[in-house]
Amino acid sequence: MPELPEVETVRRGLSTLIVGKTVKSVNFDWPKGFPNTPADVKQFLVGATINAVRRRAKVLMIDLSSSYSLVIHLKMTGQLVYRGKQAFGAGHPNDSLIGELPDKSTRVDFEFMDKSHLYFNDQRKFGWVRLLPTIDVPNIEFMKKVGPEPLTDEFTANVFIERVRRRANTTIKAAILDQTVLAGIGNIYADEGLWGAKIHPSQRVICVSDSKLKLLHKELRFVLELSIEKGGSTDRNYVDAEGKRGSYIDFARVFRREGLDCSRHPGVMIEKSKVAGRGTHTCPVCQKYQS
DNA sequence: CACTTGACCTGTCCGC
DNA sequence: TGCGGACAGGTCAAGT
């Protein structure tokens, strides 16, 4: 599910909802996804207060007063949903995509002292949760190799071009999906950015000009920013920290729009194919493949 | 080394 | 209605 805008939306929601709360108990039985022992959880999580919620790439870090952090990757179908004491759905009765929690997809249930809960739900179980010393978070394998944050001032077009060119012989779509090249792009924003820059996803990096890459850098940042503003994309499973859907998908130009008109070319239908092993959406007129 | 493909899981949808 | 296969927003290990 979640790419950078979705994870950032969850981070913002959790910052408002859980910072300052103290963990009362944790209910979990999922050794593969959350391998910490009950003893670890009792010592470093239960009784600890949430200090901050951070994000790096598509990973969330919940920093605790114990100097430990919960490090969480949602992968395809992970959700972090907070439920307060109020009745389910209060305030936004029809917005929630999910019902009573916990449910059959609940993998971890964090209870706070005020009786509210944070549920980690994950239908496909690809996601993971780790409890480790905050100081060790940058040393986990993923953090050591992940590329720069695309929305920082330091991530200039030149930085993007230099990094993406390291993947000279692969397709441009595979290159921008590679988390070591830059952080946070997934299948939705790869397709959206490539349409914006009018580049065919199958184009080899070596065949894409610097000026096209410069435009792609700008378009990727644009779609990421816009999506954060819209609360992310809900295609199937994604929900924010309150269980609500995001609305970027209503603004998408190609993703999940196969058979519909390209907004630049009325009468021309968006096509769907497979590139880099992923479902890929393109306009056959604005994204010409050049060999 | 660079690159591609399958595996990891569960659920849904679509055609026969 | 049932059944098989393809597909789903990510990443890694194992192939070539």
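Order of the sequence lines sets the chain letters (A, B, ...), proteins ahead of strands, with each chain counted from 1.
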Look at all strands and tell whether [X] reaches a base, only sugar-phosphate, or nothing, counting heavy atoms closer than 4.0 Å.
X	value
A:Gly277	nothing
A:Arg256	sugar-phosphate
A:Tyr189	nothing
A:Gly127	nothing
A:Ser233	base
A:Ala168	sugar-phosphate

Phosphate OP1/OP2 of [N]: any [X] side-chain N/O under 4.0 Å:
X	N	answer
A:Arg278	C:dG10	yes
A:Lys274	C:dA6	no
A:Arg124	B:dG11	no
A:Lys75	B:dA7	no
A:Gln123	B:dC9	no
A:Lys104	B:dG11	yes
A:His73	C:dT11	yes
A:Thr170	B:dT4	yes
A:Lys32	B:dC8	no
A:Lys125	B:dT10	yes

### Task
Check each of A:Phe28, A:Trp128, A:Phe110, A:Trp30 against A:Phe120 using the ring pair (Phe, Tyr, Trp, His ring centres under 6.0 Å) test, and report the only one that passes.
A:Trp30
Salt bridge or not for [X] and [Y], using N-O below 4.0 Å?
X	Y	result
A:Asp114	A:Lys21	yes
A:Asp250	A:Lys230	no
A:Lys58	A:Glu3	no

### Task
Please list all pairs passing the salt bridge (charged side-chain N to carboxylate O under 4.0 Å, His left out) test where one or both residues lie in residues 193-221 of chain A, with sequence neighbours left out.
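Found A:Arg165-A:Asp210.
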For [X] and [N], give me the distance from atom [atom1] to atom [atom2], rounded to whole Å.
X	N	atom1	atom2	result
A:Lys145	B:dA2	NZ	C1'	15 Å
A:Asp178	B:dC3	CG	P	9 Å
A:Arg163	B:dA2	CZ	P	14 Å
A:Leu177	C:dC12	CG	C1'	15 Å
A:Ile176	B:dC3	CD1	P	15 Å
A:Met143	C:dC12	CE	C1'	16 Å
A:Met76	B:dT12	CE	P	15 Å
A:Gln179	B:dC3	CD	P	17 Å

### Query
Among C:dC12, B:dC3, C:dG10, which nucleotide sits nearest the side chain of A:Asn169?
B:dC3
### Task
Could you check whether the rings of A:His200 and A:Tyr289 sit parallel, tilted or perpendicular, using 30° and 60° as the cut-offs?
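Rings of A:His200 and A:Tyr289: perpendicular, as their planes differ by over 60°.
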### Task
Would you please classify the geometry between the A:His217 ring and the A:Phe160 ring as parallel, tilted or perpendicular, with 30° and 60° separating the classes?
tilted
### Query
Is the distance between the ring centroids of A:Phe126 and A:His73 under 6.0 Å?
no
### Message
Taking 5.5 Å and 30° as the limits, would you call A:Phe126 and the base of B:dC8 a stacked pair?
### Response
yes
### Integer angstrom distance from the P of C:dA14 to that of B:dC9
15 Å
#### Entry: Pairwise P distance for B:dC1 and C:dT11, with rounding to whole Å
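It works out to 22 Å between them.
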#### Entry: Test item: side-chain donor near acceptor, A:Lys173 and A:Thr280, under 3.5 Å
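Distance-only check passes for A:Lys173 and A:Thr280.
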### Task
Enumerate the residues from residues 201-210 of chain A whose closest heavy atom to DNA chain B is under 4.0 Å, giving them by residue number; use none for an empty result.
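Listed by number, they are A:Arg204.
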## Note on the structure
Mate of B:dC9 across any strand shown (Watson-Crick or G-U wobble, both atom pairs under 3.5 Å) is none
